[in-house]
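Model, not experiment: these values are computed from the prediction.
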Amino acid sequence: MKQPGFFDVEERLARLSGLGDQLEAFSRSVDFEVFRPDLELALAYSDGSKGGRLPFDPVLMFKILVIQTLNNLSDERTEYLINDRLSFMRFLGLGLSDRVPDAKTVWLFRERLTQAGAIERLFDRFDATLRNAGYLPMSDQILDATLVAAPKQRNTKAEKADLRAGRIPEDWQDKPAKMSHKDRHARWTLKFTKAKRQDDGSMPSTDLAIPFFGYKSHVSIDRKFRFIRKWKTTDAAASDGARLREGLLDKTNTASTVWADTAYRSKANEDFMDKEGFVSKVHRKKPHLKPMPRHIQRSNAGKSVIRSRVEHVVADQKSQTGLFIRTVGIIRAIMRIGLANIVYNMRRFLFLERLNASA
């Protein structure tokens with residue numbers, strides 16, 4: 001086997017470009033330097049006057065988080081693949097002889113951003129980039145929520161009761177190692193799904209209720225470009241509808257109409273939207289113990305054509321990036337879901353830029 005040379009690496013990278021390297025497209029279209037001020041503010045690194053090894057460049061480390069989110073990687077797997085893949089190294093600006101951050105360094109970087117609450121500022125920073133590029137929130141907004149799984153907790157009934165009441169179970173208080181592995185913020189809920197047709201062709205009389213443990217991602221997208229403009233993270237048992245009044249509506253949208261499913265239909269929400277100048281196109285609920293009136297059926301069907309666009313967003317996040325919470329606690333879940341929202345907007349931005357270039 002011959003010794004690989006510089007031109008062999010360049011040839012391999014050229015082949016990767018020809019095959020469509022998504023990370024190379026990210027490098028061309030996304031200016032990651034816009035994140036530097038917020039990263040440096042959150043990290044608050046020393047000036048190095050006291051000596052010691054200099055930290056890795058914060059923009060490089062943030063790009064590692066983007067790689068993680070795109071590929072649903074653990075910290076250990078991320079370290080291995082950066083060392084292994086030329087496409088990852090090129091995206092990060094690393095050569096074959098350069099030092100690569102290890103798994104612990106990646107964890108510490110993400111944890112520092114998490115504890116500083118930086119993810120909201122980073123999301124807003126890229127949203128400002130989208131607006132400057134001409135992608136203003138336009139043509140109404142659409143709301144939805146999706147469940148995001150987390151590792152299941154095996155707790156007793158008494159422990160669950162304490163957690164629901166906001167208390168730390170007594171047996172955990174003197175066991176810090178156990179506490180660090182217990183997620184006190186994720187919750188169980190029931191996920192309802194349509195029952196499948198049985199082997200004999202008949203349909204069950206009731207839908208399926210599947211127990212689910214984790215968190216919930218609430219998003220609001222603009223109808224025109226389908227970027228996520230507002231978002232919120234809660235435990236899985238939190239009500240969808242109540243979140244509408246907690247900052248999910250975007251007042252900068254050029255249109256005032258709000259589209260959402262029946263979970264968001266309530267008198268409190270309707271009064272709130274009317275007071276804030278929004279026009280409700282929220283689905284109407286079926287009357288209790290009565291058939292759905294034909295005119296409401298037709299109205300809801302028409303609304304579904306538009307509202308379904310937000311379902312494509314949450315489906316894309318789960319299918320393309322395998323959205324899943326690996327960590328413990330809601331502040332880390334917020335970081336994970338916030339990164340997923342930024343990366344979705346980056347991918348959407350690349351798609352729209354390609355469309356504009358080919359038009």
Side-chain angles (χ1 to χ4, degrees), residues 16 19-26 29-30 63-75 77-78 81 85 87-88 91 119 123 126-127 130 135 141-152 186 189-196 207-208 210-234 236 240 248 259-261 263 304-327 332-355:
L16 289 173
L19 293 170
D21 181 3
Q22 184 184 41
L23 290 176
E24 186 180 28
F26 268 57
S29 301
V30 178
K63 291 167 83 171
I64 289 178
L65 298 188
V66 170
I67 289 176
Q68 272 193 317
T69 305
L70 275 170
N71 298 277
N72 190 25
L73 301 174
S74 67
D75 295 336
R77 188 65 177 165
T78 300
L81 289 178
R85 291 190 180 180
S87 60
F88 284 14
F91 177 62
I119 191 61
F123 179 89
F126 189 64
D127 186 64
L130 296 175
Y135 297 106
Q141 52 194 302
I142 313 172
L143 277 62
D144 200 11
T146 186
L147 294 168
V148 183
K152 296 181 178 64
T189 189
L190 290 176
K191 180 180 180 181
F192 293 92
T193 185
K194 294 294 183 182
K196 295 182 179 180
D207 290 334
L208 301 177
I210 303 172
F212 185 94
F213 183 80
Y215 293 91
K216 189 176 287 186
S217 171
H218 309 261
V219 297
S220 171
I221 70 167
D222 67 287
R223 180 181 170 187
K224 173 71 174 178
F225 298 115
R226 304 187 199 180
F227 286 113
I228 296 173
R229 302 294 183 171
K230 299 289 183 179
W231 60 280
K232 190 176 183 67
T233 301
T234 64
D240 294 359
L248 272 187
W259 306 80
D261 61 27
S304 292
V305 174
I306 295 172
R307 192 200 63 79
S308 63
R309 297 178 185 182
V310 72
E311 295 179 353
H312 300 163
V313 175
V314 296
D316 178 90
Q317 286 186 306
K318 290 189 175 182
S319 64
Q320 297 298 318
T321 62
L323 185 56
F324 179 80
I325 305 298
R326 299 176 183 272
T327 52
R332 294 188 180 102
I334 290 171
M335 182 70 183
R336 174 70 177 93
I337 291 173
L339 280 169
N341 292 339
I342 292 174
V343 168
Y344 166 80
N345 279 354
M346 287 180 177
R347 294 180 61 248
R348 182 70 183 169
F349 177 61
L350 262 62
F351 173 74
L352 294 176
E353 289 290 278
R354 285 197 301 268
L355 283 184

- Message: Whether the side chain of Arg336 engages the backbone of Phe324 through a donor-acceptor N/O pair (distance < 3.5 Å, no angle test) should be reported.
- Response: yes
- For the residue pair Ser29 and Leu350, what are the closest heavy atoms and their distance? CB-CD1, 3.8 Å
- Message: Tell me whether the count of non-hydrogen atoms from other residues, nucleotides or ligands lying under 6.0 Å of NZ in Lys224 goes above 12.
- Response: no
- Note on the structure: Heavy-atom nearest pair, Gly338 first then Trp231, reads CA-CH2, 3.5 Å
- Item | Beyond-backbone contact of Glu353 with Tyr135, side-chain heavy atoms, under 4.5 angstrom | yes
- For side chain to side chain contact (heavy atoms under 4.5 Å, CB included), just list the numbers for Ile228 and Phe123, CA-CA rounded to whole Å, side-chain angles, deciding distance to a tenth of an Å, and then say yes or no. CA-CA 10 Å; Ile228 296 173; Phe123 179 89; 4.0 Å; yes
- Item | Reported CD1-to-CZ distance for the pair Ile306 and Arg223, which is rounded to 0.5 angstrom | 3.5 Å
- Task: Measure across Ser217 and Val148 and return the closest heavy-atom pair with its distance rounded to 0.1 Å.
- Result: CB-CG2, 4.0 Å
- Task: State, yes or no, whether a side-chain contact exists between Phe225 and Leu130 at a heavy-atom distance under 4.5 Å.
- Result: no
- Which atom names give the shortest non-hydrogen contact between Ile67 and Asn71, and what distance separates them? O-ND2, 2.9 Å
- Query: Taking side chain as C-beta onward, heavy atoms only, is Phe349 less than 4.5 Å from Phe227?
  - Reply: yes
- Message: Does Ile119 form a side chain to side chain contact (heavy atoms under 4.5 Å, CB included) with Ile342? I'd like the steps, not just the answer.
- Response: CA-CA 9 Å; Ile119 191 61; Ile342 292 174; 3.7 Å; yes
- Any side-chain heavy atom of Glu311 sitting closer than 4.5 Å to one from Thr146? no
- Provide the closest heavy-atom pair for Phe212 versus Ala236 in the form atom of the first, atom of the second, distance. CD2-CB, 4.4 Å
- Item | Side-chain donor or acceptor of Asn72 paired with backbone N/O of Gly322 under 3.5 Å | yes
- Item | Test applied, salt bridge (charged side-chain N to carboxylate O under 4.0 Å, His left out); reference residue, Asp316; option that passes from Arg347, Arg309, Arg226 | Arg347
- Item | Rounded distance (nearest 0.5 Å) linking atom CZ of Arg332 with atom OG1 of Thr233 | 14.5 Å
- Message: Show the nearest heavy-atom pair for residues Leu23 and Ser87, with the distance to one decimal.
- Response: CD1-O, 4.0 Å
- Message: Side chains of Ile337 and Ile325, heavy atoms from C-beta outward: is any pair under 4.5 Å?
- Response: yes
- Message: side chain to side chain contact (heavy atoms under 4.5 Å, CB included), that's the test. Do Val343 and Gln317 meet it? Break it down for me.
- Response: CA-CA 9 Å; Val343 168; Gln317 286 186 306; over 6 Å; no
- Item | Non-neighbouring partners of Thr69 that pass side chain to side chain donor-acceptor pair (under 3.5 Å), sequence neighbours left out | none
- Item | Interatomic spacing from NZ in Lys152 to CZ in Phe213 - rounded to 0.5 Å | 9.0 Å
- Distance in Å, Asn341 CG paired with Phe126 CZ, rounded so as to fall on 0.5 Å steps: 12.0 Å
- Under the side chain to side chain contact (heavy atoms under 4.5 Å, CB included) criterion, do Phe88 and Thr78 qualify, and how do the steps go? CA-CA 10 Å; Phe88 284 14; Thr78 300; over 6 Å; no
- Item | Close side-chain approach of Leu143 and Val310, heavy atoms under 4.5 Å | no
- Message: Could you check whether any side-chain heavy atom of Arg307 comes within less than 4.5 Å of a side-chain heavy atom of Asp144, counting everything from C-beta outward?
- Response: yes
- Query: Any side-chain heavy-atom pair from Lys216 and Leu147 closer than 4.5 angstrom?
  - Reply: yes
- Item | Distance (rounded to the nearest 0.5 Å) between Asp261 CG and Ile142 CD1 | 11.5 Å
- Query: Roughly how far apart are Phe91 CZ and Leu70 CG, rounded to 0.5 Å?
  - Reply: 7.5 Å
